[in-house]
Amino acid sequence: MKVLAIDDNSDILELLKEVVISYNHEFSSSNNGKTGLEMIKNNSYDAVLLDLTMPEFTGVDVVDALIADDILKDNKIILFTAASLTDESLTELISKGVHSCIRKPVDVEHLIKTLESL
């Protein structure tokens, strides 16, 4: 499984890398939304863990760009966020094509089960 994580927190990216690789999956990362969006457009991933609250180009901006390019449906986007996301906002994002949401802090077993269930 190829996993991409997009998060502006380098400590979170390092932790995700260690966890994902320890379960024998491939891992790539980006610390900003714009670069992460380009990685999604230019590569194929089995799952994308996407933080919502990043400076300049947020996770919602990434989702909106994927919708505009008509490629959101081709990607399994899992929101990975500590942001206070209302149920209504989450439902709206899922109706647009986001796969699911994992809230930080995350239980490692829950993360892996979510990834491996895709």
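Note: hydrogens, waters and symmetry copies are ignored here, and every other heavy atom, side chains too, is used.
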Problem set entry | Short side-chain to backbone donor-acceptor contact, D61 and T58, under 3.5 Å | yes

For this session: Using the side chain to side chain contact (heavy atoms under 4.5 Å, CB included) rule, pick out the option among L111, L13, T114 that qualifies with L49.
Result: L111

For this session: Report the distance from atom OG of S28 to atom NZ of K17, rounding to the nearest 0.5 Å.
Result: 9.5 Å

For this session: Report the distance from atom CZ of F27 to atom CD of E14, rounding to the nearest 0.5 Å.
Result: 8.0 Å

Exercise. At their closest point, which heavy atom of L37 faces which heavy atom of A65, and how far apart are they?
Worked result: CD2-CB, 3.5 Å

Exercise. If you take all heavy atoms of V106 and H110, which pair is closest and at what distance?
Worked result: CG2-CD2, 4.4 Å

Problem set entry | Euclidean distance, S29 OG relative to I12 CD1, rounded to 0.5 Å | 12.0 Å

For this session: Output the distance between atom CG (L4) and atom CD1 (I40), rounded to the nearest 0.5 Å.
Result: 5.5 Å

For this session: State, yes or no, whether a side-chain contact exists between M54 and I6 at a heavy-atom distance under 4.5 Å.
Result: yes

Let me check something: any side-chain donor-acceptor pairs from residues 68-78 under 3.5 Å, sequence neighbours excluded? List them with distances.
| residue | atom | partner | partner atom | Å |
| --- | --- | --- | --- | --- |
| D69 | OD2 | K41 | NZ | 2.8 |
| D70 | OD1 | K73 | NZ | 3.1 |
| D70 | OD2 | K73 | NZ | 3.2 |
| K73 | NZ | D70 | O | 2.8 |
| N75 | ND2 | I71 | O | 2.7 |

For this session: Give a yes-or-no answer on whether the side chains of S89 and T86 include a donor-acceptor pair shorter than 3.5 Å.
Result: yes

Exercise. Take atom CG in D107; do more than 12 heavy atoms of anything else shown fall under 6.0 Å from it?
Worked result: yes

Side chains of residues 92-99: which donor-acceptor partners sit under 3.5 Å, not counting sequence neighbours?
| residue | atom | partner | partner atom | Å |
| --- | --- | --- | --- | --- |
| S95 | OG | E92 | O | 2.7 |

Seminar exercise, completed: Heavy atoms of S30 and G36 approach each other most closely as OG-N, 3.2 Å

Exercise. Within a strict 4.5 Å, meaning less than it, do heavy atoms of the L115 and H25 side chains meet?
Worked result: no

Exercise. Does K2 make a cation-pi contact with Y45, if we ask for NZ or CZ under 6.0 Å from the ring centre and within 45° of the axis?
Worked result: yes

Exercise. Where is the tightest heavy-atom contact between L16 and A5, given as atom of each residue plus distance?
Worked result: CD1-CB, 3.8 Å

Seminar exercise, completed: With sequence neighbours left out, the residues meeting side chain to side chain donor-acceptor pair (under 3.5 Å) with N32 are T35

For this session: Of all the heavy-atom pairs spanning D8 and P55, show the shortest one and how long it is.
Result: OD2-CD, 3.4 Å

Exercise. Going by heavy atoms in the side chains, are V3 and D46 under 4.5 Å from each other?
Worked result: no

For this session: Side-chain contact test, heavy atoms from C-beta onward, threshold under 4.5 Å: evaluate it for L50 versus F80 and give yes or no.
Result: no

For this session: Could you point out which residue of N9, T81, D7 forms a side chain to side chain donor-acceptor pair (under 3.5 Å) with K104?
Result: D7

